[in-house]
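In what follows, chains are A, B, ... by sequence order, proteins preceding strands, each numbered from 1.
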Number of protein chains: 2
Amino acid sequence: MGATKTEHFTDKQNAIATLTKALGHPARIAIVEYLIKVDTCICGDIVNELPLAQPTVSQHLKELKNAGLIKGSIEGNSICYCIDEKAISKLQSYFANISIKLEKKNNCC
Amino acid sequence: MGATKTEHFTDKQNAIATLTKALGHPARIAIVEYLIKVDTCICGDIVNELPLAQPTVSQHLKELKNAGLIKGSIEGNSICYCIDEKAISKLQSYFANISIKLEKKNNCC
DNA sequence: ATTTAATATTGCAATATTACGATAAAGACT
DNA sequence: AGTCTTTATCGTAATATTGCAATATTAAAT
């Protein structure tokens with residue numbers, strides 16, 4: 001025991017949970033917000049921006065990448081990280097859809 | 001070390017991370033989706049719906065409640081859990097806002 | 001007052017996450 | 001080749017999460 005029982009849930013539920021889990025840390029929210037704010041997106045800049053050591057930032061970037069939220073491309077000897085719009089789009093439509101469903105409901109509590 | 005350095009991030013970043021973290025588990029996604037689907041929302045129903053033991057479900061409900069995503073009101077000897085629309089609304093507008101910002105940007109990668 | 005039903009809490013084992021120093025890897029620049 | 005810069009990986013300690021059996025709590029029903 002101790003590990004998440006992924007196999008008992010639907011693919012869609014797991015997919016959304018993967019995205020929200022990846023965003024479930026303030027450092028990773030900060031990274032995403034930084035990538036949206038700036039025009040360049042060099043990894044080193046992100047390290048400078050965050051109050052965390054370089055290996056920690058690298059690890060957070062890896063998790064965002066694994067979840068599909070960002071993508072990185074090699075740019076000389078540094079790496080350019082960017083938001084993957086598809087992932088954000090999924091989240092956006094997911095919560096928009098929930099909002100619509102909630103509006104139609106009379107919440108009992 | 002090992003604990004999240006919450007104090008180094010903004011309140012807003014922490015607030016969003018709290019919400020996304022709470023949703024970062026397929027069981028909790030399933031709970032939220034179930035609460036939206038049904039009209040009644042008694043805890044026992046949720047336990048029957050999920051492939052997890054009652055204490056585990058209770059714990060997930062607690063986390064959703066702590067994050068402000070659901071609220072529970074006592075209804076006889078059972079408890080009525082409902083979505084807190086404000087939390088969903090926060091997430092919805094957060095991702096909608098990001099989407100808009102991304103549209104205006106030419107992503108470099 | 002007992003019993004029953006519905007949730008919560010406790011305690012614990014298994015696993016995962018967070019953070020960072022040290023080190024490695026890979027490309028750029030002399 | 002050697003050095004510098006940039007990013008990734010390894011190893012490890014501290015902490016958090018996940019899951020459940022056992023037990024406690026609370027309110028209804030008898």
Side-chain angles (χ1 to χ4, degrees), chain A residues 1-9 13-14 17-31 34-35 40-67 70-82 109, chain B residues 1-9 13-14 17-31 34-35 40-67 70-82 109:
Chain A
M1 303 119 206
T4 298
K5 293 193 160 178
T6 318
E7 68 278 11
H8 292 327
F9 302 97
Q13 286 169 341
N14 282 314
T18 298
L19 292 176
T20 48
K21 187 180 183 181
L23 289 176
H25 191 291
R28 296 195 288 266
I29 290 287
I31 289 172
Y34 181 71
L35 287 180
T40 61
C41 46
I42 303 301
C43 173
D45 297 350
I46 302 170
V47 173
N48 290 331
E49 186 75 4
L50 292 191
L52 295 168
Q54 180 267 323
T56 309
V57 174
S58 187
Q59 201 174 267
H60 283 307
L61 286 167
K62 193 179 172 186
E63 269 172 73
L64 285 170
K65 202 177 166 188
N66 284 343
I70 64 173
K71 45 192 174 174
S73 59
I74 297 162
E75 187 122 325
N77 67 341
S78 57
I79 289 179
C80 174
Y81 278 113
C82 298
C109 318
Chain B
M1 301 121 210
T4 298
K5 292 191 160 179
T6 318
E7 69 277 11
H8 292 327
F9 302 97
Q13 287 169 340
N14 282 314
T18 298
L19 292 176
T20 49
K21 187 179 183 181
L23 289 177
H25 191 291
R28 295 194 290 265
I29 291 287
I31 289 171
Y34 182 71
L35 288 180
T40 60
C41 46
I42 306 301
C43 175
D45 298 350
I46 302 170
V47 172
N48 292 331
E49 186 76 3
L50 293 190
L52 295 168
Q54 179 267 324
T56 309
V57 174
S58 186
Q59 200 176 265
H60 283 307
L61 286 167
K62 193 179 173 184
E63 268 171 74
L64 286 170
K65 201 176 167 190
N66 284 342
I70 64 173
K71 45 191 175 176
S73 61
I74 296 162
E75 188 123 324
N77 67 342
S78 58
I79 289 179
C80 175
Y81 278 114
C82 298
C109 317

Contact under 4.0 Å: A:Y81 side-chain N or O vs D:dT6 OP1/OP2:
no
A:K21 side chain near C:dT17 phosphate (N/O to OP1/OP2, under 4.0 Å):
yes
Heavy atom of residues 57-66 of chain B under 4.0 Å from DNA chain C: which residues?
B:S58, B:K62
SG-CG distance between B:C82 and B:L35, expressed to the nearest 0.5 angstrom:
7.0 Å
Nearest 0.5 Å, please: how far is CD in B:E75 from SG in B:C80?
5.0 Å
With salt bridge (Lys or Arg N to Asp or Glu O under 4.0 Å) as the rule and sequence neighbours excluded, what pairs involving residues 50-61 of chain A come up?
none
Write out all pairs satisfying salt bridge (Lys or Arg N to Asp or Glu O under 4.0 Å) with one or both partners inside residues 51-62 of chain A, taking only residues at least two apart or from two chains.
none
Would you kindly give the [atom1]-to-[atom2] distance between [X] and [N], to the nearest whole Å?
{"X": "A:R28", "N": "C:dA19", "atom1": "CZ", "atom2": "P", "value": "8 Å"}
{"X": "B:F9", "N": "C:dA19", "atom1": "CZ", "atom2": "C1'", "value": "11 Å"}
{"X": "B:E49", "N": "C:dA6", "atom1": "CD", "atom2": "C1'", "value": "18 Å"}
{"X": "B:D45", "N": "C:dA6", "atom1": "CG", "atom2": "P", "value": "10 Å"}
{"X": "B:N48", "N": "C:dA6", "atom1": "CG", "atom2": "P", "value": "9 Å"}
{"X": "A:L50", "N": "C:dA19", "atom1": "CG", "atom2": "C1'", "value": "13 Å"}
{"X": "B:E75", "N": "C:dA6", "atom1": "CD", "atom2": "P", "value": "14 Å"}
{"X": "A:K5", "N": "D:dG19", "atom1": "NZ", "atom2": "P", "value": "7 Å"}

Measuring from the side chain of A:S78 (C-beta onward, heavy atoms only), which nucleotide among C:dT18, C:dG21, D:dT7 has the closest atom?
D:dT7
Picking from D:dT18, D:dA16, C:dC20, the nucleotide nearest the side-chain atoms of B:A3 would be D:dA16
Could you give the side-chain donor-acceptor pairs of residues 45-52 of chain B under 3.5 Å, partners two or more places apart or in another chain?
from: B:N48; atom 1: ND2; to: B:G44; atom 2: O; distance (Å): 3.4

Using the six-membered ring wherever Trp is involved, compare the ring planes of A:H60 and A:H25 and label them parallel, tilted or perpendicular (cut-offs 30° and 60°).
tilted
Acceptor/donor pairs from residues 17-24 of chain A side chains to any protein atom, 3.5 angstrom cut, sequence neighbours excluded:
from: A:T18; atom 1: OG1; to: A:N14; atom 2: O; distance (Å): 2.8
from: A:T20; atom 1: OG1; to: A:I16; atom 2: O; distance (Å): 3.0
from: A:T20; atom 1: OG1; to: A:A17; atom 2: O; distance (Å): 3.2
from: A:T20; atom 1: OG1; to: B:L23; atom 2: O; distance (Å): 2.9

What one-letter contact string describes nucleotides 22-30 of chain C from 5' to 3', where B marks a base within less than 4.0 Å of any protein heavy atom, S marks contact via sugar-phosphate atoms alone, and - marks no contact?
B----BS--
Sequence neighbours excluded, the answer for side-chain hydrogen bond (donor to acceptor under 3.5 Å, both in side chains) partners of B:Q54 is none
Partner residues of B:Q59 under the side chain to side chain contact (heavy atoms under 4.5 Å, CB included) criterion, sequence neighbours left out
B:E63
